[in-house]
Amino acid sequence: MRVLVVGSGGREHALCRGLKLDSSVSAVHCAPGNAGIAEIATRHEVVPTDSEAVVALAVRLGVDLVVIGPEAPLVAGVADAVRERGIPCFGPSAAAARIEGSKSFAKHIMDAAGVPTGRSFTCTTPEQVVAALEEFGPPYVVKDDGLAAGKGVVVTRDREAALAHAAACERVVVEEFLDGPEVSLFALCDGESAVALPPAQDFKRAYDGDEGPNTGGMGAYTPLPWAPAGLTERIMAEVVLPTVAELGRRGIPYTGVLYAGLALTANGPRVIEFNARFGDPETQVVLDRLETPLGQLLLACATGALAGQKPLTSREGAAVTVVVAAENYPDNPVKGDVIAGLEPQVEGAYVLHAGTERRDGEIVSNGGRVLNVVGTGADLAQARAKAYEAVAHIRLRGAFHRTDIAAPTWENSP
Ligand code: AMP
Ligand code: GLY
């Protein structure tokens, strides 16, 4: 099987790595990829949101499967275009990707499907925003209705800041604050059935102790030893299956990964958000542990054949990833600095590239999140130690990372 992966981040490096490990996959291509992906896949200079260019590349390469990583091409309809050419595609249609592309659409589907989520109001005027903030009280949660590349959500006790964020957006969803540890669950869907990968936890704030601005994610780990028994089954039954069924009823079959971001509140799991793609960096740890061959699994989703698959298996033990971010991330990350220390030096750890490029024979930073260092081990403590041991070898001027990823003392893990 020949596969084309669309995207260029750490998630796509993890996908390419997983595909490469599947013996039924003979070739991995990536558009556009990064310097790390280039070591295991053939890169192609194509803009991910350009449907025509992606389809033309897939046809030229004669691939059997296209896997779309990021949300922007999904929302732009790239998966629809690939499927229209008769090529199996892992990734939802533009209509289905609205579950991520529009917060109000997601709320609407959840209401109709009876999926537990925070109460909310969709507001288009300042008066509506004031009334909604009044209704819920602090901490205030104000979300841009559309895709905002991780910058759309403000959670604050400062009413003025909440109002200012709302004023900067055309349409906002004001939501009740959901209190409790967060969990990311990825469900693989083939248009009808769905299966869950093991849950992971992401660290969204930039600095230790959950301080600083929201980011795309500064680290992740799996499994979650503190999670209540039966959590995955409960989320599948209460959240994923009703959502997929509701979309199906509306003639919008869901093919790809449905990412449920949840808060485990005192009243049970509540959906914070849906994404139409794998989470980044959670995918880096979840795929590390996946034993089921990835190419065959994603192809089964793309061809509606999930029901005939054997149950998914993941290896025992744990995986932890620590993001090495560029100076000034997330505001205005500095790019173009040389990265050293990338050679494998720690057994049980490896480096996935996110924002990197090759320039004059050297690898340089080319994005906010530059690297994902993955540590593996028999338990979280070992995996975490491996990850940080490997991080210590990396040299990148101005770079920073959180030191409390998967730490036992981290305040949100009960
Ligand atoms: P998002 O951009 O939708 O991933 O949201 C970013 C982060 O904001 C989430 O991971 C949560 O930490 C936080 N957040 C979003 N909605 C809520 C909510 N209703 N209650 C508490 N925190 C929230
Ligand atoms: N790690 C969070 C996300 O992918 O949205």
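If you're wondering where the values come from, they're calculated on a predicted model, not measured in any experiment. Note that ligands are numbered from 1 as they come in the structure, with each ligand's atoms numbered from 1 the same way.
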Practice problem: For Asp22 and Gln296, test the side chains for any donor-to-acceptor distance below 3.5 angstrom and give the result as yes or no. | Solution: yes
Quiz prompt | Under-4.0 Å salt bridge between Glu273 and Lys204 | solution = yes
Quiz item: When you measure from atom 6 (C) of ligand 1 to each heavy atom in Val142, Asn214, Asp210, which option holds the nearest one?
Solution: Asn214
Practice problem: Could you tell me which atoms of ligand 1, counted from 1 in the order shown, lie closer than 4.0 angstrom to a heavy atom of Val153? | Solution: 1 (P), 2 (O), 3 (O), 5 (O), 8 (O), 15 (C)
Self-check item: Sub-4.0 Å atoms of ligand 1 with respect to non-hydrogen atoms of Phe177
Solution: 20 (N), 21 (C)
Quiz item: Using a distance-only test with no angle check, is there a side-chain donor-acceptor pair under 3.5 angstrom linking Ser104 and Arg171?
Solution: yes
Exercise. State the atoms of ligand 2, each with its element, that fall below the 4.0 Å cut-off from a heavy-atom position in Asn275.
Key: 5 (O)
Practice problem: Run the numbers for me: atoms of ligand 1, each under 4.0 Å from some heavy atom of Lys143, listed by number. | Solution: 15 (C), 16 (N)
Practice problem: Decide if atom NE2 of His108 counts as having more than 12 heavy atoms of other residues, nucleotides or ligands within a radius under 6.0 Å. | Solution: no
Exercise. For Gly279, take its heavy atoms, then give the atoms of ligand 2 lying under 4.0 Å from any of them.
Key: 4 (O)
Exercise. For ligand 1, note which part of Glu182 has a heavy atom under 4.0 Å away: side chain, backbone, both or neither.
Key: side chain
Quiz item: Which of the atoms of ligand 1 are close to Glu175, meaning less than 4.0 Å from one of its heavy atoms?
Solution: 16 (N), 17 (C), 18 (C), 19 (N)
Practice problem: Could you tell me whether the side chains of Asp288 and Tyr350 share a donor-acceptor contact shorter than 3.5 Å? | Solution: yes
Quiz item: Arg270 near ligand 1, heavy-atom distance under 4.0 Å?
Solution: no
Quiz item: CD of Glu192: more than 12 outside heavy atoms within 6.0 angstrom?
Solution: no
Quiz item: Of all residues at least two apart in sequence or in a different chain, which pass the salt bridge (Lys or Arg N to Asp or Glu O under 4.0 Å) check with Glu282?
Solution: none
Quiz item: Atoms of ligand 1 less than 4.0 Å from Val141 heavy atoms?
Solution: 16 (N), 17 (C), 18 (C), 19 (N), 20 (N)
Quiz item: Would you say Gly216 has any N or O atom under 3.5 Å from an N or O of ligand 2, going by distance alone?
Solution: yes
Quiz item: Among Arg11, His13, Gln284, His353, which one satisfies side-chain hydrogen bond (donor to acceptor under 3.5 Å, both in side chains) with Asn372?
Solution: Gln284
Quiz prompt | Nitrogen or oxygen atoms of Leu178 and ligand 1 under 3.5 Å apart | solution = yes
Self-check item: Contact check, Lys204 vs ligand 2, heavy-atom distance below 4.0 Å
Solution: yes
Quiz prompt | Heavy-atom nearest option to atom 13 (C) of ligand 1, drawn from Val174, Asp202, Val155, Val271 | solution = Val155
Exercise. May I ask you to list the atoms of ligand 1 that are less than 4.0 angstrom from any heavy atom of Lys103?
Key: 3 (O)
Quiz item: Angle class for the Phe278/Phe90 ring planes (parallel below 30°, perpendicular above 60°, tilted otherwise)?
Solution: parallel
Quiz item: Is it the case that Asp179 and Thr265 place a side-chain donor and acceptor less than 3.5 Å from each other?
Solution: no
Self-check item: Winner among Glu273, Glu282, Arg277 once heavy atoms are compared against atom 4 (O) of ligand 2
Solution: Arg277
